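None of these values were measured; they are calculated from a predicted model. Labels below follow one simple rule: chain letters A, B, ... track the order of the sequence lines, proteins then strands, and each chain is numbered from 1.
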There are 2 protein chains.
Amino acid sequence: MLTFERYEKILQLLEDQKVTKLADLVEATGASESTIRRDLTILENEQKLKRIHGGASLMKSKVDEPSMMEKQQQFTEEKKQMGKRAASFVQDGDCLYIDAGTSTQAMIPYIQAKDIVIVTNGLNIIQEALQHQFRTYVVGGYVKSGTHAFIGKGAVDSIQQFRFDKAFIGTNGVDINFGFSTPDPEEAQIKQLAMKQSTQSFVLADPSKFGDATFARVADLEEAVLITTEGDDREFFEKLTNVAKVEVVNSDDLHSHS
Amino acid sequence: MLTFERYEKILQLLEDQKVTKLADLVEATGASESTIRRDLTILENEQKLKRIHGGASLMKSKVDEPSMMEKQQQFTEEKKQMGKRAASFVQDGDCLYIDAGTSTQAMIPYIQAKDIVIVTNGLNIIQEALQHQFRTYVVGGYVKSGTHAFIGKGAVDSIQQFRFDKAFIGTNGVDINFGFSTPDPEEAQIKQLAMKQSTQSFVLADPSKFGDATFARVADLEEAVLITTEGDDREFFEKLTNVAKVEVVNSDDLHSHS
DNA sequence: TCAAAATCAATCAAAAACATTCAGAAGAAG
DNA sequence: CTTCTTCTGAATGTTTTTGATTGATTTTGA
């Protein structure tokens with residue numbers, strides 16, 4: 001039986017039963033226990049199923065949310081990998097601030113840690129967090145059209161009520177001198193404050209943002225860990241790694257499956 | 001039997017019976033007493049149930065709260081008409097509080113007034129308001145799974161920063177003596193506060209809510225204008241109109257389609 | 001109020017499930 | 001045909017889950 005056929009069979013059995021024991025899968029496919037385990041790990045990484053002790057279950061999102069959200073926005077592979085890396089920093093019991101935006105949204109499905117709390121100012125983050133059944137708090141404020149971020153006095157007041165272990169921030173510009181920046185000063189203010197309230201900060205930015213200095217500065221490069229991918233401009237990237245703490249999603253990760 | 005399946009079974013038994021003895025769960029699952037105890041502590045941590053001496057009971061809030069998804073379907077004609085009526089009270093320049101829930105959501109497409117501001121604690125309301133390009137503010141707070149309403153201290157703090165011209169509130173129970181009520185005390189608190197901060201209040205409730213007194217009281221019948229449809233129970237309806245200010249969507253409206 | 005009965009939390013050893021490693025098999029590339 | 005890579009299954013030691021036992025706590029009923 002081909003590897004790919006096995007994947008199909010596993011997923012099909014799951015569709016039918018919602019939960020499946022490892023032993024059942026071994027019997028159904030004729031493969032060994034080790035192989036099935038490997039398959040499950042891979043399929044879980046691709047968000048096709050959720051592993052549970054003793055077997056696997058359908059993704060929660062598929063159980064109670066019929067695929068609407070799913071195709072609403074497909075993340076690029078790049079974003080997924082950045083998200084996965086970001087999620088790997090989350091530990092059990094953490095209180096997280098997750099900034100509005102799609103980059104940050106992409107990390108949520110990959111968060112494995114238990115007992116975490118998410119605070120956010122993003123409509124999309126709320127939805128994603130709900131789908132994955134995280135304990136979620138939202139800051140108040142004006143709902144900005146376009147980005148659907150909550151900003152303004154209400155947001156500021158809310159964030160000041162919290163302290164975070166880790167803040168995950170999106171950005172529009174990464175410049176060696178000007179640091180992280182974003183076009184809207186109001187949004188910049190929120191990001192700044194969230195980082196200030198957080199013990200540790202992470203900025204997610206793909207290489208298309210490199211070298212851009214947009215209107216409102218958010219923070220210096222030293223103030224956060226930058227999660228990104230390598231990109232084309234090796235020269236800029238060199239300079240970057242000298243100044244900022246950079247977490248690179250390397251090409252191996254990028255080209256592995258899916 | 002898999003751990004996950006056991007959880008499902010426990011929750012399902014609870015759905016059926018509202019309270020369950022430990023011994024029953026042991027028998028139903030075939031697991032040991034210790035294991036069931038452990039399961040219960042875990043499920044309680046996840047807010048799925050409440051432990052009681054000798055067993056477990058449903059969370060109060062879940063007692064009769066239909067999940068968001070079930071309600072989410074297309075608006076009924078009834079709801080649309082109630083929404084249209086509610087919207088007719090909105091005037092140019094109003095500051096509105098619009099409560100979480102589908103009844104209130106249904107009014108948004110019908111709002112004609114210009115320069116209005118919407119404040120809400122409902123995820124669905126934000127989305128609908130954005131679609132119709134209204135100036136929207138959101139209160140902070142804990143995101144309640146199920147209804148997707150924002151509640152708790154954050155929400156209270158936020159609402160206290162505002163004054164509204166009109167508040168539109170949803171409810172689960174309309175009882176002659178007990179007034180308006182809803183199953184979750186935390187949600188009731190928010191509704192109460194919003195009404196207090198508002199010059200005028202409207203409650204939207206279809207006749208299926210008539211005669212129900214759920215766990216937490218929101219307000220007396222006199223404190224708001226009730227927007228509803230006639231329904232079957234003429235007798236109850238008579239009594240209602242004696243006590244409350246009622247706006248009835250009459251049958252003509254109902255049958256003249258949107 | 002008190003003591004017996006029931007229920008509970010905490011602990012521990014056995015069992016089940018797990019990740020990891022390694023050597024061999026199957027395929028692909030040269 | 002050989003070499004290299006990828007995939008597989010068995011063996012290893014580790015982690016998680018489980019059920020029994022203990023003593024503490026709560027409820028019951030007199």
Colleague: Report all interatomic pairs (protein N or O, nucleotide N or O of nucleotides 16-20 of chain C) with separations under 3.5 Å.
Modeller:
from   : atom 1 : to    : atom 2 : distance (Å)
C:dA17 : O4'    : A:H53 : NE2    : 3.4
C:dA17 : O3'    : A:G54 : N      : 3.1
C:dC18 : OP1    : A:I52 : O      : 3.4
C:dC18 : OP1    : A:G54 : N      : 2.6
C:dC18 : OP2    : A:R37 : NH1    : 2.5
C:dC18 : O5'    : A:R37 : NH1    : 3.0
C:dA19 : OP1    : A:R51 : NH1    : 3.2
C:dA19 : OP2    : A:R51 : NH1    : 3.3
C:dA19 : OP2    : A:R51 : NH2    : 3.2

Colleague: So, is B:R6 close to the D:dT17 phosphate, meaning a side-chain N or O under 4.0 Å from OP1 or OP2?
Modeller: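 Answer no for this pair, as no side-chain N or O of B:R6 is under 4.0 Å from OP1 or OP2.
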Colleague: Do other residues, nucleotides or ligands put more than 12 heavy atoms under 6.0 Å from the NZ atom of A:K245?
Modeller: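 Atom NZ in A:K245 is crowded, with more than 12 foreign heavy atoms closer than 6.0 Å.
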Colleague: Out of A:T20, A:T35, A:I52, A:L25, which one pairs with A:L40 under the side chain to side chain contact (heavy atoms under 4.5 Å, CB included) rule?
Modeller: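 It is A:L25, the one option of A:T20, A:T35, A:I52, A:L25 that forms the side chain to side chain contact (heavy atoms under 4.5 Å, CB included) with A:L40.
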Colleague: Would you say A:R163 and A:S198 are linked by a side-chain donor-acceptor pair, where the criterion is simply a distance under 3.5 Å?
Modeller: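 Looking only at side-chain atoms, A:R163 and A:S198 do not form any donor-acceptor pair under 3.5 Å.
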Colleague: Please test A:D115 against A:D92 for side chain to side chain contact (heavy atoms under 4.5 Å, CB included), starting from the C-alpha separation and ending with a verdict.
Modeller: CA-CA 6 Å; A:D115 296 324; A:D92 287 356; 5.8 Å; no
Colleague: Would you say a side-chain N or O of B:T3 is under 4.0 Å from OP1 or OP2 of D:dT18?
Modeller: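 Answer yes for this pair, as a side-chain N or O of B:T3 is under 4.0 Å from OP1 or OP2.
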Colleague: Can you tell me how far C1' of D:dT8 sits from OH of A:Y7, to the nearest Å?
Modeller: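 Answer to the nearest Å: 12 Å.
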Colleague: In whole angstrom, give the distance that lies between atom CG of B:D39 and atom P of D:dT18.
Modeller: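 One finds 7 Å between P of D:dT18 and CG of B:D39, rounded.
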Colleague: Evaluate the criterion side chain to side chain contact (heavy atoms under 4.5 Å, CB included) for residue pair A:T104 and A:F202; output intermediate values, then yes/no.
Modeller: CA-CA 10 Å; A:T104 41; A:F202 300 82; over 6 Å; no
Colleague: Below the 4.0 Å mark, does D:dG9 have OP1 or OP2 next to a side-chain nitrogen or oxygen of A:T35?
Modeller: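 Looking at the OP1 and OP2 atoms of D:dG9, one of them is under 4.0 Å from a side-chain N or O of A:T35.
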Colleague: For B:R37 and B:E33, what are the C-alpha separation, side-chain angles and deciding distance, and is it a salt bridge (Lys or Arg N to Asp or Glu O under 4.0 Å)?
Modeller: CA-CA 6 Å; B:R37 278 186 209 292; B:E33 208 167 281; 2.8 Å; yes
Colleague: If you draw the axis of the six-membered ring of B:F180, does the NZ or CZ of B:R217 fall within 45° of it and under 6.0 Å from the ring centre?
Modeller: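 No, a cation-pi geometry is absent between B:R217 and B:F180.
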Colleague: Rounded to the nearest angstrom, tell me the gap between atom CD1 in B:I42 and atom C1' in C:dA9.
Modeller: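 After rounding, the gap between these two atoms is 14 Å.
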Colleague: In whole angstrom, give the distance that lies between atom CD of B:E27 and atom P of D:dG19.
Modeller: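 It is 15 Å, rounded to the nearest whole Å.
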Colleague: Between the opening five pairs and the closing five pairs of the helix from C:dT1-D:dA30 to C:dG30-D:dC1, how far apart are the helix axes, to 10°?
Modeller: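 End-to-end axis angle for the helix from C:dT1-D:dA30 to C:dG30-D:dC1: 40°, rounded to 10°.
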Colleague: Carefully, step by step, assess A:E78 and A:T229 under the rule side-chain hydrogen bond (donor to acceptor under 3.5 Å, both in side chains).
Modeller: CA-CA 7 Å; A:E78 202 174 34; A:T229 66; 3.0 Å; yes
Colleague: What's the CE-C1' distance between B:M1 and D:dT17, to the nearest Å?
Modeller: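 Between C1' of D:dT17 and CE of B:M1: 16 Å.
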Colleague: Please determine whether the number of non-hydrogen atoms from other residues, nucleotides or ligands lying under 6.0 Å from atom CD of A:E222 exceeds 12.
Modeller: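 Yes - once you tally the heavy atoms of other residues, nucleotides and ligands closer than 6.0 Å, there are more than 12.
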